[in-house]
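Start at 1 with the first residue, then count along the sequence.
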Amino acid sequence: MIRNTKLIKTFAFKTNPAVFSSFSKTTLRTYATESSSRIHEVDYASVKDKLCQAQVIDVRSTQEYENSQVKIKSCCNLPVNTIEENGKLLDPTKPIYVLCQSGVRAKRAADILANKYDAKEIYVIKGGMNSVQSCVTCSDNIVELKKDAGSKVWAMERQVRFTAGSLVLAGVVGSMFSPYAILLSGGIGAGLMFSAITNTCGMAVMLNKMPWNKVVKK
């Protein structure tokens with residue numbers, strides 16, 4: 001099937017570049033539609049009874065996962081920046097449930113699983129662990145409650161917001177002394193726009209390498 005598509009594209013390009021361009025746009029549009037149709041957003045309460053026997057992945061950083069007060073027992077921690085490589089550990093023919101702290105990274109991971117690994121059914125839990133924590137009870141045998149949260153490391157989204165805000169503020173204050181300092185604020189703004197457009201976050205990747213985000217092995 002793939003070979004036939006390539007042959008058609010090659011023929012179209014040689015005979016009429018305009019046809020090739022139209023074919024490519026249509027193919028990409030169809031592929032994107034098929035990919036997104038396999039990704040569904042669901043509430044934790046509506047699927048929690050299915051999670052015991054399902055493939056569930058938590059795509060938060062290892063530090064966030066280890067220090068989380070609430071964990072889903074059947075969950076496997078696969079940080080979002082490792083999904084490209086570790087997605088092969090999952091069975092793409094069976095439903096996959098994905099969550100993070102708020103849902104943003106889970107959507108990014110779901111896109112990778114759908115596009116690279118051709119996963120058939122992907123369910124992103126709305127609100128991530130924030131949603132789980134808000135409705136979990138002590139009698140809920142699907143989750144594991146941790147009395148001592150240990151290290152008080154902020155969730156990655158919170159670290160990103162704080163860092164971005166601090167750099168923007170630094171640029172504004174610095175501009176009182178040097179007009180070039182405002183470029184820092186502009187750079188951060190451009191970076192946030194790029195992050196939204198590409199659904200990636202370079203700042204989160206860098207912060208994840210910081211010492212406080214590393215798991216201390218006992």
Side-chain angles (χ1 to χ4, degrees), residues 32 35-36 39 41 56-72 75-87 89-90 96-117 122 124-134 149-217:
S35 174
S36 61
I39 301 174
E41 281 194 278
V56 187
I57 59 171
D58 187 327
V59 298
R60 292 178 295 171
S61 68
T62 304
Q63 180 76 353
E64 287 178 274
Y65 179 76
E66 291 295 331
N67 291 309
S68 180
Q69 287 183 301
V70 179
K71 296 179 187 177
I72 296 176
C75 194
C76 174
N77 179 222
L78 292 179
V80 67
N81 59 322
T82 70
I83 292 293
E84 287 271 4
E85 179 182 352
N86 293 331
L89 300 175
L90 302 169
I96 302 173
Y97 293 84
V98 191
L99 76 161
C100 59
Q101 188 63 39
S102 64
V104 176
R105 283 172 287 177
K107 291 178 183 177
R108 196 188 320 154
D111 286 336
I112 295 172
L113 292 172
N115 296 326
K116 183 172 182 178
Y117 293 98
I122 308 169
V124 175
I125 297 179
K126 290 181 184 177
M129 289 306 300
N130 291 336
S131 175
V132 174
Q133 289 176 319
S134 66
S151 173
K152 303 298 182 181
V153 177
W154 286 356
M156 188 56 65
E157 284 97 340
R158 188 178 181 187
Q159 291 186 44
V160 169
R161 291 196 299 270
F162 179 82
T163 303
S166 298
L167 292 174
V168 169
L169 180 61
V172 173
V173 174
S175 66
M176 298 178 183
F177 306 95
S178 171
Y180 297 106
I182 199 66
L183 294 175
L184 175 61
S185 300
I188 295 300
L192 291 174
M193 288 178 62
F194 178 79
S195 176
I197 293 170
T198 61
N199 200 25
T200 61
C201 187
M203 188 177 290
V205 172
M206 290 188 289
L207 286 171
N208 196 46
K209 297 180 184 297
M210 295 296 104
W212 59 84
N213 284 323
K214 299 295 182 183
V215 176
V216 179
K217 296 182 179 180

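- Rounded to the nearest 0.5 Å, atoms NZ (K116) and CD (E85) are 8.0 Å apart.
- Considering only residues two or more places apart in sequence or on other chains, E41 meets the side-chain contact (heavy atoms from CB on, under 4.5 Å) condition with K107, V124, K126.
- In this structure the side chain of V59 never reaches within 4.5 angstrom of the side chain of P79, judged on heavy atoms.
- Remark: N115 CG to E84 CD distance equals 9.5 Å, nearest 0.5 Å.
- The structure places CZ of R108 at 8.5 Å from OG1 of T198, a figure rounded to the nearest 0.5 Å.
- Applying the side-chain hydrogen bond (donor to acceptor under 3.5 Å, both in side chains) definition to pairs two or more places apart or across chains, those involving residues 159-175 are Q159-W212, Q159-N213.
- Put simply, OG on S195 and CE on M203 are 8.5 Å apart, with the number rounded to the nearest 0.5 Å.
- Without hydrogens or angle criteria, Y97 side chain to C75 main chain gives no donor-acceptor distance under 3.5 Å.
- Shown are V80, L99, I83; of these, the side-chain contact (heavy atoms from CB on, under 4.5 Å) with I57 is made only by I83.
- The side-chain contact (heavy atoms from CB on, under 4.5 Å) check on L169 picks up V173, with sequence neighbours excluded.
- Between I39 and D111, some side-chain heavy-atom pair lies under the 4.5 Å cut-off.
- Not a single side chain to side chain donor-acceptor pair (under 3.5 Å) links S131 to another residue, sequence neighbours left out.
- L183 contributes atom CG, which lies 8.5 Å from atom OG of S178 (distance to the nearest 0.5 angstrom).
- Side-chain contact, E64 with S61: a donor N or O sits under 3.5 Å from an acceptor N or O.
- Scanning for side-chain contact (heavy atoms from CB on, under 4.5 Å) contacts around Y65 gives D58, R60, K71, N77, with sequence neighbours left out.
- In this structure F194 satisfies the ring pair (Phe, Tyr, Trp, His ring centres under 6.0 Å) test with no other residue, sequence neighbours excluded.
- When all heavy atoms are compared, the tightest approach of L167 to I188 is CD1-CD1, 3.5 Å.
- Closest heavy-atom contact between A106 and C100: N-SG, 3.4 Å.
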